[in-house]
Amino acid sequence: MNKKIILLFLTVYILVYADGMYIAPNQLPSNILQFIKTYFQNSNIIYAEMDRKTYEIALDNGVEIEFFRNGDLKEIEGNYTALPSNILPQSVANTVAKTYPNTVITKIKKKWNIYEVKLNNMMELYIDANSGQLLGQKFDD
């Protein structure tokens with residue numbers, strides 16, 4: 001009896017506190033697969049992991065993408081690869097283009113209603129997701 005209780009407790013503990021588990025790319029939700037097909041059509045998924053809150057995906061071009069479990073974008077790290085500006089809402093992309101016209105986007109992170117956009121000139125912009133207003137910027141070395 002005690003062994004069964006301990007085994008049950010151990011199983012529950014592992015299930016609750018386990019970190020991410022690797023999954024096959026075809027096990028990703030369809031909206032995530034569509035996002036990758038739309039914006040990274042010449043890239044393949046080389047790694048996919050699922051945990052309690054997010055999906056983490058690595059592409060063969062070095063780009064790393066993180067989605068919330070509902071399929072909403074959380075973060076894209078280009079790792080010095082230019083990211084397509086049309087991933088961003090049009091108002092946010094326009095603000096980036098007006099503020100630093102001769103740069104490319106290397107990282108996008110969404111926090112609530114703010115986009116953090118890192119550029120290849122090491123500037124990080126904070127832009128309102130709804131209005132596209134530039135809220136701040138800093139040099140991020």
Side-chain angles (χ1 to χ4, degrees), residues 2-141:
N2 283 342
K3 288 182 182 180
K4 288 182 181 180
I5 292 173
I6 292 172
L7 184 60
L8 178 64
F9 179 75
L10 186 60
T11 303
V12 169
Y13 178 82
I14 289 171
L15 290 174
V16 170
Y17 293 103
D19 282 339
M21 71 182 204
Y22 303 108
I23 59 172
N26 62 359
Q27 293 177 301
L28 290 166
S30 60
N31 58 340
I32 292 175
L33 291 172
Q34 184 60 44
F35 178 93
I36 293 168
K37 182 180 176 184
T38 301
Y39 297 110
F40 302 99
Q41 52 193 290
N42 296 325
S43 299
N44 294 309
I45 298 170
I46 59 171
Y47 170 86
E49 180 180 320
M50 176 182 74
D51 64 22
R52 292 187 317 235
K53 296 182 180 180
T54 62
Y55 291 100
E56 294 179 21
I57 299 155
L59 303 178
D60 61 2
N61 64 352
V63 173
E64 298 173 4
I65 310 171
E66 189 171 0
F67 293 91
F68 291 107
R69 287 292 298 265
N70 67 359
D72 289 346
L73 178 65
K74 180 178 181 186
E75 182 174 354
I76 303 176
E77 175 70 53
N79 293 317
Y80 303 104
T81 299
L83 299 174
S85 63
N86 59 344
I87 291 173
L88 295 167
Q90 190 62 51
S91 60
V92 175
N94 289 344
T95 300
V96 172
K98 280 190 276 181
T99 308
Y100 291 100
N102 298 319
T103 59
V104 295
I105 298 168
T106 59
K107 182 177 179 180
I108 299 169
K109 187 172 187 177
K110 186 171 184 197
K111 289 185 176 180
W112 296 289
N113 67 333
I114 297 174
Y115 278 96
E116 293 179 15
V117 180
K118 188 168 184 179
L119 305 173
N120 65 333
N121 65 355
M122 304 305 284
M123 290 302 294
E124 195 166 286
L125 308 177
Y126 300 90
I127 303 170
D128 184 272
N130 301 316
S131 67
Q133 178 182 359
L134 181 63
L135 303 173
Q137 57 184 313
K138 71 175 185 176
F139 183 76
D140 185 30
D141 58 349

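Shortest non-hydrogen contact noted between I57 and L28 is CD1-CD1, 3.8 Å. Considering all non-hydrogen atoms of both residues, N79 and G62 come closest at ND2-O, 2.7 Å. When every heavy atom of M123 is checked against every heavy atom of F139, the shortest pair comes out as SD-CA, 3.7 Å. Across all their heavy atoms, A129 and S91 have their closest contact at O-OG, 4.1 Å.
A donor-acceptor pair shorter than 3.5 Å can be found between the side chains of D51 and T54. T103 and N121 share no donor-acceptor pair across their side chains, judged by distance under 3.5 Å alone.
With salt bridges taken as basic N to acidic carboxylate O contacts below 4.0 Å, none links K118 and E124.
Using a 4.5 Å heavy-atom cutoff, the side chains of I87 and L73 are in contact. Between I45 and L59, the closest side-chain pair of non-hydrogen atoms falls below 4.5 Å. Between I105 and L88, the closest side-chain pair of non-hydrogen atoms falls below 4.5 Å. Side-chain contact between K74 and Y55 is absent, with no heavy atoms from C-beta onward closer than 4.5 Å. I76 is listed as a side-chain neighbour of F35, based on a closest heavy-atom distance under 4.5 Å.
Using a 30° and 60° split on the angle between ring planes, Y22 and Y47 fall in the perpendicular class, above 60°.
The CD atom of E75 sits 13.0 Å away from atom OH of Y115, with the distance rounded to the nearest 0.5 Å. Considering CG of L33 and OG1 of T38, their distance stands at 10.5 Å, rounded to 0.5 Å. Within the model, atoms CE of M50 and CE of M21 stand 3.5 Å from one another, a figure rounded to the nearest 0.5 Å. Separating the CG atom in N113 from the CD1 atom in I127 is a distance of 12.5 Å, to the nearest 0.5 Å. Put simply, NZ on K138 and CG on L125 are 11.5 Å apart, with the number rounded to the nearest 0.5 Å. Rounding to the nearest 0.5 Å gives a distance of 7.5 Å between CD of E116 and NZ of K107.
Side chain of S85 to backbone of A93: no donor-acceptor contact under 3.5 angstrom is found. Side-chain atoms of D60 come within 3.5 Å of backbone atoms of N44 as a donor-acceptor pair (strictly under, hydrogens ignored).
The environment of N86 atom CG is dense: over 12 non-hydrogen atoms of other residues, nucleotides or ligands sit within 6.0 angstrom.
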- [ ] Output, in order, the C-alpha distance, side-chain angles, deciding distance and verdict of side-chain contact (heavy atoms from CB on, under 4.5 Å) for V104 and L83.
- [x] CA-CA 7 Å; V104 295; L83 299 174; over 6 Å; no

